Each structure stands twice: as structure tokens, then as C-alpha cells.
Number of protein chains: 2
Amino acid sequence: MLEAAKELGYVPNALAQRFARRKSGNVGVILPFVPKVHLFSTYYFAEILSGIGEAAKACNYDLLLIFREPDSPRDYAKLFRTQKVDACIVLGAQNVVEERAALAELQEEGYPFCLVNQRFDEEGYLTVDADHESGSYEAVQHLIAKGFKQIAFLNGPDAFSSSGDRLAGYKRALEESGIRHEDERIFTGNYSRKSGYEAASRLSEGIRSKRIDAVFVANDRMAIGLMDGLREYGIEAGKDIGLIGYDDSDSSRIVTPKLSTVSVPFYEMGRRAALKLLAAETEEPGNTILPVQLIKRETT
Amino acid sequence: MLEAAKELGYVPNALAQRFARRKSGNVGVILPFVPKVHLFSTYYFAEILSGIGEAAKACNYDLLLIFREPDSPRDYAKLFRTQKVDACIVLGAQNVVEERAALAELQEEGYPFCLVNQRFDEEGYLTVDADHESGSYEAVQHLIAKGFKQIAFLNGPDAFSSSGDRLAGYKRALEESGIRHEDERIFTGNYSRKSGYEAASRLSEGIRSKRIDAVFVANDRMAIGLMDGLREYGIEAGKDIGLIGYDDSDSSRIVTPKLSTVSVPFYEMGRRAALKLLAAETEEPGNTILPVQLIKRETT
DNA sequence: CTGAAAGCGCTAACAC
DNA sequence: GTGTTAGCGCTTTCAG
């Protein structure tokens, strides 16, 4: 009898349904503060978000987008207490006290969440990461194979686990080839194009004095900024110096010369993160690490 | 007395609240199918989405992200019937029968929605658009001022109102300078880099035979693809031919030579669209058109 | 103005 | 199985 009603255009009220079930049916995606500042590449987030979207849809969940504000306290637990989300995925999490506290609170209260591209190894959180140690190792190994010996490294901020991973991969490749690693060849930027551009002045000296003949950069944006910056010193990537970026973003293919880089499966990382939360049975628990791939182009 | 409880960590249950109020507190953002295909630029969506996010937060709404699937019927009304959203913003809407029907249904049932970067002039929907007619006019006028006379146009698909707007601006600029407009100088792509790349073969003939000396392209992605394609024919943008893109995307600054383009306030467009729905009192009704800005770089 | 009570539209538990 | 009913945690209305 209710059958008939349903067939004549009845749709259940999701609000009532969710209230009665005490499940919001939402997975929250927490985004770091991006607008205007462009600290992170839109490519990165668009891919991860799309991957999350696919998995969420497959599991009949809706996606609630949460933009973190620069100043607001990261009260992730509130999202759960108010029942706005049943689970959440944190993008761009950093290893800083406030973040650690917010995540620890989630953990303590038993709220399901998953980090993407960031690990807190001691904590045993659900995590989907890419194998940045290997990616960096291969990138540097590739530079070495191309004959470069004095390889500088422009890394990202310490607050990201990938920075530690990349440093480890960089060192491993050098050591394996018997090249001594020098602290003075290591530089730090903040992933922005500008910070790469600004690193050019620091690097150009080493290049001039023949103490740097190639640079491995932790993301494409900085690498491209660096290319532009070095050009002002008359140094041409791919000619005067070897250069390899990271992410295989659209820009890496567009820039001249085309940037060698490391491809990261962001889409798949997002998808897997969502699956870990929404279809835990089929996914491995704990930390998942996905492989990356070296892309050789014109700058090496 | 309840005061005390609230101060001691009480948070209202949003599920119950929304159910009782019969308001979801969500604004839905409908995204066209992007993943993998990259038909639209991530830049475009990231900006609009961020703008929507800002306004939504200011109005105490949450953002529900809805990825449209390529095959799924566009049943936008269902989002409202199930009370998943109180209002929605449609991105990348196209002037095709299915879309028109879905939007007409929303209108008939009185569900609030707003389109971004797409108008259906006859319908009187809420819309936030950019002034692509003027943008195109200025772009082409700029090419003319630079001495180009045989200006081709690589437009986007007809299903977007911006294509008609750009064509109108293109023609107006030509007419105003007494240049006859030739249909054979008008080409169509689908906004992808690939379609720009492929247009190179068609355009190169006209360029060789001196019947085209500049190209106005409806977005940066196609313009960059075209640059790359033309290069294979030995034609260098900015030297052998004038070129101007559209969107002022990150890539336009990264590419060599730097692409002249038209800057579109995507962030603001998103913000205004959300405001129209959530703070209707302070926003003008109907269609809002935001100005764009010509950016002169190396390709003109 | 404060306080009690009905009811939002479902789900889930229980009785038939 | 099928049918009934309590109850989810709020808002809103209405009585006091």
C-alpha cells in the first residue's frame, strides 16, 4: 500500500531519516585555508576531492566541505558532536601542537577520521600517504644517473611528514652513490611559487661557484618559481642545471622547459581515504602508502 | 539553568535542529563531471568554490558538494525534495535540453538556485556572470591596437552563454575598427588543452597563407594547447602571431611566452552567487554581471 | 516572560 | 511476516 505512494513521487525526507537514524550521512572534508593565498596547488586538492567524491557517492554518503579559517581554532570534534558528519577527512594537516591536539581529541572520543598525505607515525591514525621517500630517492637517483653530483634540495616545511620522507629519500640516494650530503645544499620553502622564486638568490651562488649542479624540489610550484628566479641570474634549468619537481601537476607539463617530476596518485589517495572510513571492511586498517612514479622530462 | 549546561560543553545536535526547523542548513554546489577528464580548469572551480565557501560560512550555512556524473539524470529537484539542501548553486551548467528541463523544474517548484558563469536570458534565473562580451571586445581591441588585422577566434562550445557573449564582443571590436569578420576565422574547441592543440593544424594553414595574424582564444587552457600545437608548425606565439587567452589562470603566467589574457573574478562570482541565495536582502535580484580585466603579457 | 507540551517524519523495536 | 507505536532532540506554539 505504501508501495503505491512511493511510486507516485514519494521521496523520503533525508532530514527526518538522518535524525531518526542518528547518522548525518555526511563525510566532512576539512580543507586548509587556500583561497587567495594559493599556498597549495589547486591541482592537489581538486584531485583528492574528486577521489573522495567518487568513493563517497559509491557508499551513499554526501560530502560536506569545511574550509578551515586561518585564525579559527581547529575544533574538529565539534563537527562530530553536532552530528554534522559521521566521519571526516583532513587535508593539509600539519604537525603543530594545535593540530595534534585537535586530532588527538578526535581519536580519544572515537570519532572516525583519516588523514591524507600526512602521517603522525606515533599515533596510529588512519592515513593514506604516498611513498615520498621512494619518490625522492628515485628523483635524486635519476639526477645522479644523469651525471649530476652536487644536488641541492629545496624542501617543504617541517610540519609536513612528507618533508621528512623526502629528506630521507634524498639522503639515501646520495649515500648509496657515495656522495656526501652537505647541509648547506638543503633549503626550505613553503610550497608557493614565490618561495621557489626567492630561493633562486640563495641557490644561484652555489651554482655559480660550481657547488650545486642540480636541484631536487619538493613540489612543482616551487620548482617553477625557482626556474623563473634562476633565469634572472642567467641560469637555465635543463641546460645549466638539472631540476626535478614533485607532483606532476598540470603546470609541470606546460612550463618551458618541461619539468621532470614525480607523479603522485592524489585522486586515488582521496578515494582510498574515503573508503577507509566508509567501507572499512574492504580496506586495510592503519596507514596505506601508495606508490609514486618518476616522470622524466626536459629539465633533467 | 540551561545556561550552565551550555557552558559545560553542550552543543546542540544539528541533526535534530535541522529536522525540527525543516531546514538542512546546507547549500548544495553542483559540479560538472571533472575528475580525470580535466575538461574545465581546476583553477576555475577552486576559485568559485572558495568564494562560495566564504559566503556560506558568513551566513552559517554548510557546503554540500555534489559531483554530477556523466550519465546520471540531472535531478536537481530531488536535492530539495529530500531536504538535503535549502538552496543550490549550479556550476558549469549548459544550455542543453536536459539541463534546461532540470532548471525549469527547480524554478517551477520554487526552489532557490543560482547559476554561475552561465545565463539563460529568457528564463530570469538568478545568475552571476562575468562580462565576457566586454572582455572579448577589449581583448580583440587590444590585438587590433597592436597592429593585428586578421584575427581568428577559437571559441568554446555553443552550450555556454559565454560563447555567444565572446563572439559578440569579438565581432563588435572588429566592426568598430572596420574589419570585416569572416566565418572561416572562427573555430570551436571544448576548453581542453587538447582541443587547443588540435586546432593548431586548422589554424596553421590560415597563418601560413597570411590570412590569420592573431588568435583570440576563449580560455587559457586551449590557448596554451594552441601555442604548443602551433610550435610544431614552426609558429611562435608572440612572435609570428598574436595570441590572447582568457581566465588569467595560473598557467597563463607560467607558460613561455607569458600569455596575455582576460582576468575573471571567479572567487567573487562564487561569493556573490551564494550571497544571492543566502542573503537575498543585500544582493540585487536577477542577474549580476561582474567586470573582467584585460591582462597584457608577452603574447601580444 | 517562563515553562510545558505537541509534533517534525522518519526508524526501530515490539506486538500481533 | 505485517502493523503499530515509542521516541530521536530539537523548535514552536500555547498556556500559565
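Keep in mind that this is a model prediction, so the values were computed, not measured. Naming: A, B, ... by sequence-line order, numbering from 1 per chain.
Distance alone, capped at 3.5 Å, places no donor-acceptor pair between the A:K276 side chain and the A:L126 backbone. Side-chain N or O atoms of A:D129 include none that pairs as donor or acceptor with a backbone N or O of A:I289 at under 3.5 Å. For A:D86 (side chain) and A:S24 (main-chain N/O), a donor-acceptor pair under 3.5 Å exists by modelled atom type. The main-chain N or O of A:H132 is never found under 3.5 Å from a side-chain atom of A:D165 such that the two would form a donor-acceptor pair.
The two residues A:S161 and A:R119 make their nearest non-hydrogen contact at OG-N, 2.9 Å.
Of the side-chain N and O atoms in B:Y10, one or more sit less than 4.0 angstrom from OP1 or OP2 of D:dC10.
Here the side chains of B:Y111 and B:R81 are in contact, with some heavy-atom distance below 4.5 Å.
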Could you list all N or O pairs between the protein and nucleotides 12-15 of chain D that sit under 3.5 Å apart?
none

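Applying the ring pair (Phe, Tyr, Trp, His ring centres under 6.0 Å) test to A:Y76 and every residue at least two apart in sequence or in another chain returns nothing. Partners of A:T82 according to the side chain to side chain contact (heavy atoms under 4.5 Å, CB included) rule, which considers only residues two or more places apart in sequence or in another chain, are A:K78, A:K84, B:V11, B:A14. Not a single salt bridge (charged side-chain N to carboxylate O under 4.0 Å, His left out) links A:E123 to another residue, sequence neighbours left out.
Taken residue by residue, residues 12-19 of chain B places heavy atoms nearer than 4.0 Å to DNA chain D at B:P12, B:N13, B:A16, B:Q17, B:F19.
When rounded to the nearest whole Å, the span between CD of B:Q83 and P of D:dT11 equals 16 Å.
The ring of A:F80 has its center no closer than 6.0 angstrom to the ring center of A:F113.
End-to-end axis angle for the helix from C:dC1-D:dG16 to C:dC16-D:dG1, using five pairs per end and rounding to 10°, comes out at 50°.
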